[in-house]
Amino acid sequence: MLRNKLDTEVQYLPGVGPKRAALLRSELEVATVGDLLHVYPFRYVDRSSIQRIADVRSENAYVQILGTVVSSEMPQGKGNKRLTVTVQDSSGAMELVFFKGIKYTYERLRPGGTFLFFGKPSIFNGRINMVHPEIDNPPSEGAVNYSGTLTGVYNSTDKLRNAGISARVMNKLMSEAIDLAIGDVRETLPEYILKEKGLVPLRYAIRNIHFPADETALAKAQYRLKWEELFLLQLSLLKQKYVRSRSEAGIPMPKVGEAFNICYKSLPYELTGAQKRVIKEIRFDLMSGHQMNRLLQGDVGSGKTMVAVLIALIAIGNGYQTCIMAPTEVLARQHYTNISKYLANTGVRCELLIGSVSKAARRPIHEGLQDGSVGIIIGTHALIEDEVKFKNLGLAIIDEQHRFGVEQRSKLWAKGSGGIPPHVLVMTATPIPRTLAMTFYGDLDVSVIDEMPPGRKPIQTMLVGENKRPALYNFIRKEIASGRQVFIVYPLIFESEKLDYLNLEAGYEEIVRRFPLPDYKVAIVHGQQTAEVKQFNMDAFASGRADILVSTTVIEVGVDVPNASVMVIESSERFGLAQLHQLRGRVGRGSEKSYCVLMHGDKVSRESRKRLELMCATENGFDLAEEDMKMRGPGDLEGTQQSGLPINLNIASLARDGQVLSDARSYAEHILAEDPTLTMEKNLPLAAELRKDKYGIKDYSQIS
Ligand code: ADP
Ligand code: MG
């Protein structure tokens, strides 16, 4: 049998060899010609056009000039290791700078010679130059067999460039790879899908993603490859979900029960329409006989806790226990306090289990869980420890999902009664853009509370520079004088960062100086304190004994102090929008008008300023999340790093390709509705694709 050319190792391509092959493997994870074909350009340049030197601006991305060498200066002395070459055309002159391959370049760029230079202009000492442009003889050497005028530019690394694998060489390699192996590229999508979705064949797509015939061909190639990538990802997620919901028995919970009714009747307010709808959706899951895996999204303050309590009471009404897991002790404690209030007349025993609960105090809780007398257990990670055993756990509620890995979630599943996993409700206050939710939580059903409880006052958000700090302090004094409390938050991006702690300490001392005893009391909370110290300070603020709480982002999640009316965020430019929004949500919970003050340094980049201005302009968490993702890319979104994408996307972007994603997802749903196991003849190619390693997403329900 003839070998598939795609499996040829890259070292056998002309001009590669073992050394460069090793680099391609370590730098780009490229081992074979097939791998190479899937390294796509990240941008395209029009190499057919040549700019006049006088027209080159430092803002231009890439330019090509045709210049004649006027002079070149070899480096003099030890320190100065740069070659400076001056070139000119009829419009003007420009300096080119080289730090590497100096000798070779000097030999090549003799005065009087004319060359094509291609590179990124930069500005140095007020003059435009180019550092390390690519050099070509005019007219183009023509070794690259592209017919169009758009040339792909590939991501490169210093190591690759030093080994001579320049952008130009990458183009040559691609051209060789395509000549050698394009005939062996097999179509991955069934013919009928190509037809129905109007997608170009894979061979066409690969050829044109590297060497576009023209703009239209490039657009078609890109669309096809993005669509396929997102489609297969969604198909694999949805298929897992489908298989699980069919095979995974769930505990049937047909009743509502007495405790639910008691609690419901004594609620101090009417549930919002969104809360009612979400409870209905969850009830439907609980009655279905299949395991529930649902994500509940709701902006800060939208009333998720109430939903959690009512759902827990349904589980109890059917004879099952509920555990509620929070990411921090502070939050677990607060949940415990709030939820206990709601349970007052229900007779349901609720306990708190966190790291700081002593061994002695744990024993009765453990016993209560095993004999079933504890109906609701609230806690942190401590809940997933092995010695925690339930009589009959029926429901696991996880608050602020993003702090928990999927693996931890799965540990809870194993605690279900009689081998049946508990129903799982994941609650998050981090509004996640739809495209991300579909992917990170592709295997979950999603409910959204998109309505705020009535009577909430808008929060006024302001951008304040250092020069206005005295005015800020006056404002804080006024708020405190009228009985309000104030949060001041410092960024602590890396827990280990010494500098951040220094900032926090300095900030705290400054605040204590400006707001001295006995008129003012200032509490401080950060991650390096012991649980007791943290709790003491939190309590001081929550109970109103302290007027100001200086803290790191430990207070980000969930903390409820309705009397706090001002949130000051120091160095706000260092936070992402999603996190700023979370912090802002700490105020505006009471009946008073509330403020969020975004302090920023003198040197704020234009992009940061744009983000902060957006914060001032909108209070809608979902809008902010969408914008944040567009501005910073999905990888940078708070909380999403830990969970990570199920697979690496090669060409599609969750930030930019939301439209494509939605389309691909609904098409995947449509296919699975007809053929859930992908066993129909026409879908066999899809089943084969999903068997590839990269879609081997772990089925966490099976891990114990
Ligand atoms: P979340 O957890 O979604 O951030 P909470 O559950 O903590 O929000 O609710 C925020 C505040 O709103 C709480 O003080 C809660 O008592 C109150 N609340 C919840 N639901 C309603 C409602 N339907 N009407 C009025 N207030 C509500
Ligand atoms: Mg909450």
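Just so you know, ligand 1 is whichever comes first in the structure, and atom 1 is the first atom listed for that ligand. Computation of the quantities below employed the complete heavy-atom set of this structure, encompassing side-chain atoms and omitting hydrogens, waters and symmetry-equivalent molecules.
- With sequence neighbours left out, the salt bridge (Lys or Arg N to Asp or Glu O under 4.0 Å) criterion links Glu351 to Arg349.
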Inset, instruction - Please report the C-alpha distance between Phe390 and Tyr320 in whole Å, then the side-chain angles of each, then the deciding distance to 0.1 Å, and finally whether the ring-ring contact (aromatic ring centres under 6.0 Å, His included) criterion is met. - result: CA-CA 10 Å; Phe390 293 84; Tyr320 291 92; over 10 Å; no
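- Contacts of Asn338 with ligand 1, taken as heavy-atom pairs under 4.0 Å, are absent altogether.
- Less than 4.0 angstrom separates some heavy atom of Thr305 from each of these atoms of ligand 1: 2 (O), 5 (P), 6 (O), 7 (O).
- Residue Gly298 places no N or O, backbone or side chain, under 3.5 Å from any N or O of ligand 1.
- In this structure a side-chain-to-backbone donor-acceptor pair under 3.5 Å is present from Gln275 to Thr272.
- Shown in contact with Leu271 at under 4.0 Å from a heavy atom are these atoms of ligand 1, numbered in order with element: 23 (N).
- A cation-pi arrangement is absent between Lys280 and Phe284 under the rule of less than 6.0 angstrom and at most 45 degrees off the ring axis.
- Below 4.0 Å from some heavy atom of Tyr342 lie the following atoms of ligand 1, by number and element: 16 (O).
- Using a 4.0 Å cut-off to heavy atoms of Gly303, the atoms of ligand 1 that qualify are 1 (P), 3 (O), 5 (P), 6 (O), 8 (O), 9 (O), 19 (C).
- Using a 4.0 Å cut-off between a side-chain N of Lys or Arg and a carboxylate O of Asp or Glu, Arg294 and Asp285 qualify as a salt bridge.
- Of the polar atoms of Pro454, none of the N or O atoms is found under 3.5 Å from an N or O of ligand 1, judged by distance alone.
- In the vicinity of Glu270, heavy-atom distances shorter than 4.0 Å reach the ligand 1 atoms 22 (C), 23 (N), 24 (N).
- Heavy atoms of other residues, nucleotides or ligands lying less than 6.0 angstrom from NZ of Lys276 number more than 12.
- In the vicinity of Thr272, heavy-atom distances shorter than 4.0 Å reach the ligand 1 atoms 23 (N).
- The side-chain contact (heavy atoms from CB on, under 4.5 Å) test with Cys596 singles out one residue from Ile569, Val566, Val568, and that residue is Ile569.
- Ligand-side atoms of ligand 1 in range of Asp299: 3 (O), range being under 4.0 angstrom from any heavy atom.
- For the side-chain contact (heavy atoms from CB on, under 4.5 Å) test, residues two or more places apart in sequence or in another chain that qualify with Asp450 are Ala274, Arg277, Val448.
- Counting heavy atoms under 4.0 Å from ligand 1, residue Gln275 touches it through the side chain alone.
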